Amino acid sequence: MDKKLKVGILGGTGMVGQRFISLLENHPWFEVAAIAASPRSAGKTYEEAIGGRWKMQTPMPETVKKIVVEDVSNVREVASGVDFVFSAVDMTKDEIKRIEEEYAKTETPVVSNNSAHRWTPDVPMVVPELNPEHLEVIASQKKRLGTTKGFIVVKPNCSIQSYTPALHALREFGIKEVVATTYQAISGAGKTFKDWPEMEHNIIPFIGGEEEKSEQEPLRIWGKVADGAIVKADGPVITTQCIRVPVLDGHTAAVFVNFEKKPSKEQILNAWKSFRGLPQELELPSAPKQFIQYLNEDDRPQVALDVQYENGMGVSMGRLREDILYDWKFIGLSHNTVRGAAGGAVLIAELLTAQKYITAK
């Protein structure tokens, strides 16, 4: 790419916003040109607005420290200086829907980490390796919004990425039933142990709204485009429990699955090893070369050892075993703020750029 595209980060002071800024520090295609947040941060440099709240393990990039934070509600002003935006704003769902559409209507594509538009019929919810064909619904969305370049694309919930890619690679065997329990890191709530000391040595067996998302969002990913909308798949039946555990980064899943045609262990492992999606074919900058890895050791995958696999953009599977009630069971692990949040959104933006949905203004 001759010239980098200019990116705006909406909600740039929160944990996911910080992760966007960290991931984009040396990106070959994109550069951060604007950061927007709440009125209390507006007018300050990014370094001043963050103060002592930088939550990444790597230092704040020098290139963003002196950027003056803008008020995210000043839509036209923010949009005027960028080619597209990442959205990680902390608002109510109705406020998020409204402001993301306002940005899109300025002819600024929006790649959102938020859940507000995940069930808007003409907004694609994408894991680039799994359902890139859903991007075709953008044409219908543009007609509704009255835009030529502006649109919204969202990424799904972070927890489903610890098991949905592994299931997707096995769909040829006819997935009937799935039971999944996710053990979710505190960064999924935008927290560190400094912010949330009561999570040390603790487990909370409830995360509001998470089980509904975990059961329904894979069905939308596996849905079809029909009459300008995404129609979710009828099955498989998925039931989940979602538990908060004292881990900083990394969502783990314990998964049980029944198939229409039970595959052999060799068939499952071959399907995982050989699985490639469009990001791998296009060699997108953030795409993992090997999306799904399988670890043979009985005590893997582990958060401490495996969460950074493929720079946090790959997913790790282990403990594949036959079960007395289900055909197979396994353990999955993904990085919730990289693949599951900001990194997944960056990969979506790369795919949109490669396919000319996002261009310089």
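On a predicted model such as this, the values are computed, not experimentally measured, just so you know.
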[X] side chain to [Y] main-chain N or O, any donor-acceptor pair under 3.5 Å?
X    : Y    : result
E107 : G150 : yes
K149 : A360 : yes
H251 : A185 : yes
N131 : E133 : no
W328 : S264 : no

Has [X] got more than 12 heavy atoms of other residues, nucleotides or ligands less than 6.0 Å from its [atom1]?
X    : atom1 : answer
D299 : CG    : yes
N311 : CG    : no
D90  : CG    : no

Got a second to check how far [X]'s [atom1] is from [Y]'s [atom2], nearest 0.5 Å?
X    : Y    : atom1 : atom2 : answer
Q355 : I138 : CD    : CD1   : 8.5 Å
T240 : E212 : OG1   : CD    : 8.0 Å
K176 : I238 : NZ    : CD1   : 15.0 Å
Q57  : S22  : CD    : OG    : 9.5 Å
E217 : S115 : CD    : OG    : 7.5 Å
K55  : K194 : NZ    : NZ    : 9.5 Å

Just checking, is any N or O donor in the side chain of [X] or [Y] under 3.5 Å from an acceptor N or O on the other one?
X    : Y    : value
K65  : T45  : no
K361 : T108 : yes
Q290 : E310 : no
S316 : D306 : no
D94  : T92  : no
Q280 : E129 : yes
S187 : N336 : yes

query: Among V153, D122, V123, D227, which residue meets the side-chain contact (heavy atoms from CB on, under 4.5 Å) test with V137?
result: D122
field: From CA spacing to verdict: salt bridge (Lys or Arg N to Asp or Glu O under 4.0 Å), E322, K262
entry: CA-CA 10 Å; E322 290 185 285; K262 183 179 177 179; 2.5 Å; yes
Quick one: side-chain hydrogen bond (donor to acceptor under 3.5 Å, both in side chains) partners of [X], sequence neighbours excluded?
X    : answer
R98  : E102
S274 : none
Q216 : K232
S214 : S159

[X] with [Y], same ILVMFWY side-chain cluster at under 4.5 Å:
X    : Y    : answer
I243 : I204 : no
Y103 : V154 : yes
I21  : M56  : yes
V346 : Y357 : yes
M125 : I358 : no

Pairwise side-chain contact, [X] with [Y], heavy-atom cut-off 4.5 Å (strictly under):
X    : Y    : value
V127 : K155 : no
V237 : V178 : no
V257 : D327 : no
F275 : L130 : yes
L295 : M317 : no
T58  : E25  : no
I268 : L170 : yes
W196 : T192 : no

Checking [X] now: which residues fulfil ring-ring contact (aromatic ring centres under 6.0 Å, His included) with it, not counting sequence neighbours?
X    : result
F291 : none
Y309 : none
F20  : F86
F330 : W272

S112 and E100: CA distance, side-chain angles, deciding distance, side chain to side chain donor-acceptor pair (under 3.5 Å) verdict: CA-CA 8 Å; S112 180; E100 288 183 348; 2.6 Å; yes
message: Show me the pairs that pass side-chain hydrogen bond (donor to acceptor under 3.5 Å, both in side chains) and involve residues 7-19, at least two apart or across chains.
response: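 Qualifying pairs: R19-T337.
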- request: May I have all residue pairs that pass ring-ring contact (aromatic ring centres under 6.0 Å, His included) and include part of residues 108-161, sequence neighbours excluded?
  value: none
- prompt: Are the charged groups of R144 and E101 less than 4.0 angstrom apart, N to O?
  reply: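 Judged by the 4.0 Å cut-off on N to carboxylate O distance, R144 and E101 do form a salt bridge.
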query: Can you list the steps and then say if E47 with K66 is a salt bridge (Lys or Arg N to Asp or Glu O under 4.0 Å)?
result: CA-CA 7 Å; E47 188 175 29; K66 302 306 178 187; 3.3 Å; yes
field: side chain to side chain contact (heavy atoms under 4.5 Å, CB included) partners for L305, two or more places apart
entry: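 Once residues adjacent in sequence are excluded, the partners of L305 under the side chain to side chain contact (heavy atoms under 4.5 Å, CB included) criterion are R300, Q302.
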- prompt: Would E210 and Q184 satisfy side chain to side chain donor-acceptor pair (under 3.5 Å), going step by step from the backbone distance to the final call?
  reply: CA-CA 10 Å; E210 201 76 2; Q184 300 186 203; 3.0 Å; yes
message: Enumerate the salt bridge (Lys or Arg N to Asp or Glu O under 4.0 Å) contacts for residues 265-282, please, sequence neighbours excluded, ordered by first and then second residue.
response: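 Non-adjacent pairs meeting salt bridge (Lys or Arg N to Asp or Glu O under 4.0 Å): zero.
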message: Classify the ring geometry of H27 against F30: parallel below 30°, tilted from 30° to 60°, perpendicular beyond 60°.
response: parallel
field: Derivation of the salt bridge (Lys or Arg N to Asp or Glu O under 4.0 Å) call for R319 and E297
entry: CA-CA 8 Å; R319 303 204 70 211; E297 298 90 339; over 6 Å; no
